[in-house]
Amino acid sequence: PAADAGGLGGPSVAEGLPRAAAQGRADLHAAAGDRGRVQGEHGTGSVSAGRREAAIAMPEDLGAEASAKAARAAHVVRALKAAAAAHERMTARAAVVAETAGVIAAALKQGRTVFAFGNGGSAADAQHIAAEFVGRYEAERRALPAIALTTDTSALTALANDYDFERIFSRQVDALAVEGDCLIAISTSGTSPNIIAAVMTARNRGCKIVGMTGSNGKKLAGLSDACIVVPSDRTARIQEAHITIAHIWCEIIENSIAVK
């Protein structure tokens, strides 16, 4: 039968297949071993080039990440301290905070409506304040009439389009406010034209004005019956103090209304 393999005396097909398979496996293992070693190195202790590069780069990556985390944490500490400092400075103006709360409480006790308005973040504060009055802050009590002039998108866009952006609040005041109502005008700069225009309209209608502004807000402060002036020129710090003071208003007003 051996002579039948091509007539050359070589192995039969049946005998040749196992040898070929074994040789193929050996070649594959050898190739894999070569790829796993760094060129020019031999033996089982060789380290792949990719692993060596990763081992070298890893300490630098970890160091950069740790530095970034530390920088972010330091930023958080600085921001919290700055916010706390702005709040601490307001303690010297506690009498003004109490005065503004009294103006709002007096209007509500007389059955008047509170209107709140502002731009951007101050618009959100206006909505927040109105929601606390209509719903509740912490105590269960009667609903208090409060409207944020920043929420009616149809009115806002119509007024901005048909008149001017400066009149988006003053026109609403002209339509809704009556003598004795209280307006909470919020402007971190104290100079926003649409805020000043609304305040002027409200004053002409006999409304009370409570202003909320920052250290540069003398114009709004001068037009208000009582005004919160946060001693800071940073918008973020001013807004943070504003909403804290609004919460204090809620506490004072709820206590005054709940006590019979």
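Note: Glu138 CD to Glu251 CD = 5.5 Å, rounded to the nearest 0.5 Å. How far SG of Cys182 is from CG of Leu108: 7.5 Å, rounded to the nearest 0.5 Å. Rounding to the nearest 0.5 angstrom, the gap separating the CD atom in Gln172 from the OG1 atom in Thr150 is 8.5 Å. Here the straight-line distance linking atom CD of Glu254 with atom CD of Glu140 works out to 9.0 Å at 0.5 Å rounding. Taken from CD1 in Ile129 to NE2 in His247, the straight-line distance is 8.5 Å, to the nearest 0.5 Å. In this structure, Ile245 CD1 and Thr100 OG1 are separated by 7.5 Å, a value rounded to the nearest 0.5 Å.
Residues Ala146 and Val134 approach most closely at O-CG2, 3.4 Å, considering heavy atoms. Ser224 and Val210 get closest at one heavy-atom pair: OG-C, 4.4 Å. Of all heavy-atom pairs spanning Ile184 and Met212, the tightest one is CG2-SD, 4.1 Å. Ile253 and Ser256 get closest at one heavy-atom pair: O-OG, 2.8 Å. When all heavy atoms of Arg205 and Ala177 are compared, the pair lying nearest together is NE-O, 2.9 Å. Taking every heavy atom of both residues into account, Gly118 and Ile195 meet most closely at CA-CD1, 3.7 Å.
No chain of hydrophobic side-chain contacts below 4.5 Å, direct or via other Ile, Leu, Val, Met, Phe, Trp or Tyr residues, connects Phe133 to Leu183. Ile248 and Ile243 fall into different hydrophobic clusters, where Ile, Leu, Val, Met, Phe, Trp and Tyr residues are linked whenever their side-chain heavy atoms come under 4.5 Å apart, directly or through other members. Residues Val199 and Val114 do not share a hydrophobic cluster, defined by chaining ILVMFWY side chains whose heavy atoms lie under 4.5 Å apart. By the rule that hydrophobic residues join a cluster once side-chain heavy atoms approach within less than 4.5 Å of another member, Leu220 and Phe165 end up as members of one cluster. Cluster membership for Leu156 and Leu149, using ILVMFWY side-chain heavy atoms within less than 4.5 angstrom, is shared.
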Check the pair Val230, Arg237 against side-chain contact (heavy atoms from CB on, under 4.5 Å), reporting the backbone distance first and the verdict last.
CA-CA 8 Å; Val230 178; Arg237 302 291 88 87; 5.9 Å; no
Does the pair Gln127 and Thr151 meet the rule for a side-chain hydrogen bond (donor to acceptor under 3.5 Å, both in side chains), with working shown?
CA-CA 8 Å; Gln127 292 164 215; Thr151 58; over 6 Å; no
Please report the C-alpha distance between His242 and Ile238 in whole Å, then the side-chain angles of each, then the deciding distance to 0.1 Å, and finally whether the side-chain contact (heavy atoms from CB on, under 4.5 Å) criterion is met.
CA-CA 6 Å; His242 280 176; Ile238 297 168; 3.4 Å; yes
From CA spacing to verdict: side-chain contact (heavy atoms from CB on, under 4.5 Å), Lys219, Ser187
CA-CA 10 Å; Lys219 186 172 185 179; Ser187 171; over 6 Å; no
Verdict with reasoning, His128 to Glu132, per side-chain hydrogen bond (donor to acceptor under 3.5 Å, both in side chains):
CA-CA 6 Å; His128 186 157; Glu132 299 284 20; 3.0 Å; yes
With side-chain contact (heavy atoms from CB on, under 4.5 Å) as the test, would you mind laying out the steps for Ile228 and Val97 before giving the verdict?
CA-CA 7 Å; Ile228 299 295; Val97 176; 3.8 Å; yes
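Side chain of Asn216 to backbone of Ser189: no donor-acceptor contact under 3.5 angstrom is found. Of the possible donor and acceptor atoms, none in the side chain of Thr91 sits under 3.5 Å from a partner among the backbone N and O of His87.
When side chains are defined from C-beta on, Val77 counts as touching Lys81, because their heavy atoms get closer than 4.5 Å. Taking 4.5 Å as the limit, every side-chain heavy atom of Ser170 sits out of range of all side-chain heavy atoms of Asn194. Taking 4.5 Å as the limit, every side-chain heavy atom of Pro145 sits out of range of all side-chain heavy atoms of Arg112. Between Met90 and Pro231, the closest side-chain pair of non-hydrogen atoms falls below 4.5 Å. Contact check for Asn119 versus Phe169: side-chain heavy atoms found under the 4.5 Å cut-off. Proximity of Arg89 to Ser232: side-chain heavy atoms (C-beta onward) are separated by under 4.5 Å at one or more points.
Here the rule is side chain to side chain contact (heavy atoms under 4.5 Å, CB included) with Asp181, and of Leu176, Ile147, Val173, Thr113 only Thr113 fits it.
The environment of Arg93 atom CZ is dense: over 12 non-hydrogen atoms of other residues, nucleotides or ligands sit within 6.0 angstrom.
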